[in-house]
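Keep in mind that this is a model prediction, so the values were computed, not measured.
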Amino acid sequence: MTDSFLLYPDSSTEGKYSYAFQGDIIKDLNLNILFKTMAKEDWRIAEKVRKIIMIPLAAPEEVHYRHAIIKDFYNIPELSEQLYEHAVRQQQILDQYKEDMEKNRTRTARKSSEMIDTLHFLSQSVERLLAIQAILEEFSQNLMSPGLLSLYERLQKEPLEELAQRIKDLHFYTEGGEVSYHLQFCGGMKIGQAVLRSCVNKKRRKREGKTSHSLQNMYWKYLKKNTIPLDSEALRQDIGLLTDSTIKECLELFSPFLQQTMMFFEHFTEEMAFYMGVLHLMQRMNELSIPLSMPKPATAGSGHTAFTGLYELTMAIYMQNHPVRNDAVFHDTILTVITGANQGGKSTFLRSYGIAQLLMQCGMPVPSAEFSAPLYPQIFTHFTRREDEKLNSGRLQEELGRMSAMIQAAVPNSLFLLNESFASTTEKEGSRIADGIIRAFYEKGITTMMVTHLFEFARSMYQKNLPHTDFLVAERREDGTRTFRMLPGEPHYTSYGTDLFQKLIP
């Protein structure tokens with residue numbers, strides 16, 4: 001039995017590494033709003049999208065592989081709906097089967113119920129695979145993605161109809177039918193070899209209606225009887241053991257298929273839940289008339305990032321309108337420092353970039369008109385925790401502790417998004433701490449984008465004129481109006497007392 005392979009060309013999420021600090025990423029980027037929108041109150045989708053979004057893809061080819069499948073599902077919505085419905089139904093059957101098997105292991109009675117449950121599960125699985133194959137066949141002329149076309153071709157090669165009939169024949173165990181054996185006797189009436197020649201369920205037996213009468217004829221000729229009934233209770237018990245052993249041996253032959261089928265539906269359900277979540281997001285953004293686009297990923301370490309019309313996705317979903325958009329181009333940039341007036345949109349901009357990068361790395365469309373960036377094996381978000389009252393007495397220690405843990409988990413070509421880190425101490429001490437950490441990141445080639453109020457640190461970095469360093473400033477007009485757009489420029493102060501004065505004293 002084949003696997004589904006709808007997330008990766010030749011594997012599943014099993015064994016794939018995820019982001020090291022998922023809780024921080026979800027909290028700092030407000031991703032629970034995204035997960036809720038994608039799930040549409042389907043707990044299975046909520047669980048799977050949360051898992052898969054936290055597993056970065058390693059190569060642009062993997063991103064394009066998912067893009068193509070998303071486009072097929074988007075263009076043929078009934079295809080994704082039907083496949084997901086079959087996936088969920090079979091997953092429910094699979095969950096019940098696992099639960100029944102666990103109960104059976106605690107029983108000391110005969111294993112008849114376990115064998116019957118397995119037989120029924122095999123039947124349902126094959127029927128479900130045939131249904132999935134039929135759905136893919138119905139839409140095969142319109143499929144463009146290698147992932148769905150490959151799944152259809154693999155299912156075609158599987159002898160599913162033959163398997164279905166062989167499994168139905170085993171229903172003699174519960175429905176009645178005919179089983180024939182070939183027994184070879186040795187000396188002392190010992191059985192030297194026993195072979196199951198055939199087994200046919202009752203329904204098929206009636207359809208075929210063919211029986212060899214040679215033995216009955218012999219009975220009639222010599223004994224004037226059609227058959228010789230064997231009514232011994234001991235013999236009945238022995239025959240019962242024989243049929244139990246027979247069905248057990250037969251099911252063991254199906255054991256590899258059983259395990260592979262269980263794996264198929266585990267993976268297939270997870271994959272379809274993810275794609276249904278993506279489609280829900282795309283449909284919602286269409287309703288709001290807010291665009292998403294397919295990004296252009298580059299290999300890790302390429303350094304070039306460019307985007308137009310980038311906006312903060314979770315804000316757009318929450319506010320139900322189009323937030324301010326930003327454009328930027330970074331050529332081989334290692335460090336980006338963002339400064340400017342408070343309430344100028346710096347943190348929102350950082351989140352908008354972080355969300356877009358995260359979605360690109362799991363093969364999803366992103367909140368921008370165009371987006372191109374390298375893939376990062378790890379993404380870290382280090383946002384200030386000012387809203388947490390429990391940290392008032394030791395906020396700096398908490399920030400340094402989190403940063404230390406992230407540094408230990410970092411790998412080459414990682415990405416750090418820092419939002420007002422080390423804001424809980426004086427500017428002088430905060431600048432000194434930031435300078436040491438950022439300098440180490442820079443020397444190791446770790447890409448960093450940081451929003452900071454530490455003007456002394458930002459000005460010092462700007463004066464050094466280091467290569468591969470960019471500076472953005474939150475735009476503030478002369479009258480104090482914030483446009484929430486980030487523009488290239490020399491670091492600016494965070495606080496403007498005259499703005500507050502004008503608000504208080506018109």
Side-chain angles (χ1 to χ4, degrees), residues 13-31 50-59 299-303 305 332-338 347 350-351 353-355 357-362 373-388 390-426 429-454 457-458 460-461 466 468-469:
T13 57
E14 292 183 7
K16 298 290 192 299
Y17 73 89
S18 58
Y19 296 114
F21 288 82
Q22 299 179 26
D24 289 276
I25 294 174
I26 292 170
K27 183 175 183 179
D28 293 339
L29 300 183
N30 291 337
L31 294 183
R50 184 185 183 101
K51 171 186 174 182
I52 294 170
I53 288 176
M54 290 295 119
I55 302 176
L57 295 173
T299 55
S302 63
T305 297
D332 297 322
T333 300
I334 298 176
L335 172 63
T336 303
V337 180
I338 306 169
S347 298
L350 188 65
R351 282 196 304 272
Y353 168 71
I355 293 171
Q357 185 70 41
L358 197 75
L359 297 188
M360 182 189 73
Q361 298 200 171
C362 72
L375 299 173
Y376 298 96
Q378 283 288 351
I379 295 178
F380 300 92
T381 61
H382 189 273
F383 284 40
T384 185
R385 294 284 189 259
R386 290 178 181 174
E387 73 281 5
D388 193 339
K390 294 182 294 185
L391 301 176
N392 283 341
S393 59
R395 190 178 297 150
L396 178 60
Q397 289 82 355
E398 185 274 338
E399 286 192 72
L400 292 175
R402 271 193 296 135
M403 179 61 74
S404 176
M406 291 178 181
I407 290 172
Q408 292 179 17
V411 297
N413 298 318
S414 292
L415 170 66
F416 274 77
L417 304 177
L418 312 182
N419 185 38
E420 297 192 6
S421 298
F422 321 119
S424 54
T425 185
T426 64
E429 183 179 14
S431 295
R432 180 179 60 81
I433 295 171
D435 183 76
I437 292 174
I438 298 305
R439 183 186 298 275
F441 284 174
Y442 181 85
E443 292 174 354
K444 294 293 184 180
I446 292 176
T447 303
T448 307
M449 182 177 289
M450 65 180 303
V451 169
T452 183
H453 77 295
L454 300 172
F457 161 76
S460 172
M461 296 299 296
L466 297 173
H468 311 299
T469 302

Over all atoms of both residues, closest heavy-atom pair of [X] and [Y]:
{"X": "Pro377", "Y": "Val411", "answer": "CG-CG2, 3.7 Å"}
{"X": "Thr305", "Y": "Pro374", "answer": "OG1-CD, 3.4 Å"}
{"X": "Ser18", "Y": "Gln22", "answer": "OG-NE2, 2.9 Å"}
{"X": "Leu454", "Y": "Ala434", "answer": "CD1-CB, 4.1 Å"}

Using the test salt bridge (Lys or Arg N to Asp or Glu O under 4.0 Å), find all partners of [X] that sit at least two apart in sequence or belong to another chain.
{"X": "Asp24", "answer": "Arg385, Arg402"}
{"X": "Arg50", "answer": "none"}
{"X": "Lys16", "answer": "none"}

When rounded to the nearest 0.5 angstrom, what is the spacing between [atom1] in [X] and [atom2] in [Y]?
{"X": "His468", "Y": "Thr333", "atom1": "NE2", "atom2": "OG1", "result": "8.5 Å"}
{"X": "Ile379", "Y": "Ser414", "atom1": "CD1", "atom2": "OG", "result": "9.5 Å"}
{"X": "Leu418", "Y": "Thr448", "atom1": "CG", "atom2": "OG1", "result": "6.0 Å"}
{"X": "Thr381", "Y": "Leu350", "atom1": "OG1", "atom2": "CG", "result": "9.0 Å"}
{"X": "Gln357", "Y": "Leu29", "atom1": "CD", "atom2": "CG", "result": "11.0 Å"}

Any [X] side-chain heavy atom under 4.5 Å of [Y] side chain:
{"X": "Tyr353", "Y": "Ile338", "answer": "no"}
{"X": "Glu420", "Y": "Phe383", "answer": "no"}
{"X": "Cys362", "Y": "Ile55", "answer": "no"}
{"X": "Leu335", "Y": "Ile438", "answer": "yes"}
{"X": "Met54", "Y": "Leu31", "answer": "yes"}

With sequence neighbours excluded, tell me which residues meet side-chain hydrogen bond (donor to acceptor under 3.5 Å, both in side chains) with [X].
{"X": "Glu399", "result": "Ser424"}
{"X": "Ser421", "result": "His382"}
{"X": "Asn413", "result": "none"}
{"X": "Thr336", "result": "none"}

Taking only residues two or more places apart in sequence, or in another chain, which ones meet [X] in a side chain to side chain contact (heavy atoms under 4.5 Å, CB included)?
{"X": "Ser404", "value": "Gln408"}
{"X": "Asp435", "value": "Arg439, Phe457, Met461, Lys464"}
{"X": "Leu400", "value": "Leu396, Phe422, Ile433"}
{"X": "Ala405", "value": "Phe21"}

Take Ile407 and Phe441, measure what side-chain contact (heavy atoms from CB on, under 4.5 Å) needs, and give me the verdict at the end. CA-CA 9 Å; Ile407 290 172; Phe441 284 174; 3.9 Å; yes
Phe416 and Ile446: side-chain contact (heavy atoms from CB on, under 4.5 Å), yes or no, with the steps? CA-CA 8 Å; Phe416 274 77; Ile446 292 176; 3.6 Å; yes
Ile26, Leu417, Ile53 screened by side-chain contact (heavy atoms from CB on, under 4.5 Å) with Leu358, the one that passes: Ile53
Test Asp28 against Asn419 for side-chain contact (heavy atoms from CB on, under 4.5 Å), laying out the working first. CA-CA 9 Å; Asp28 293 339; Asn419 185 38; over 6 Å; no
Can you list every pair that meets salt bridge (charged side-chain N to carboxylate O under 4.0 Å, His left out) and has a residue in residues 442-453, with sequence neighbours left out?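 Non-adjacent pairs meeting salt bridge (charged side-chain N to carboxylate O under 4.0 Å, His left out): zero.
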Run the side-chain contact (heavy atoms from CB on, under 4.5 Å) test on Ile437 and Met450 for me, step by step, so that the C-alpha distance in whole Å, both residues' side-chain angles and the decisive distance to 0.1 Å come before the verdict. CA-CA 12 Å; Ile437 292 174; Met450 65 180 303; over 6 Å; no
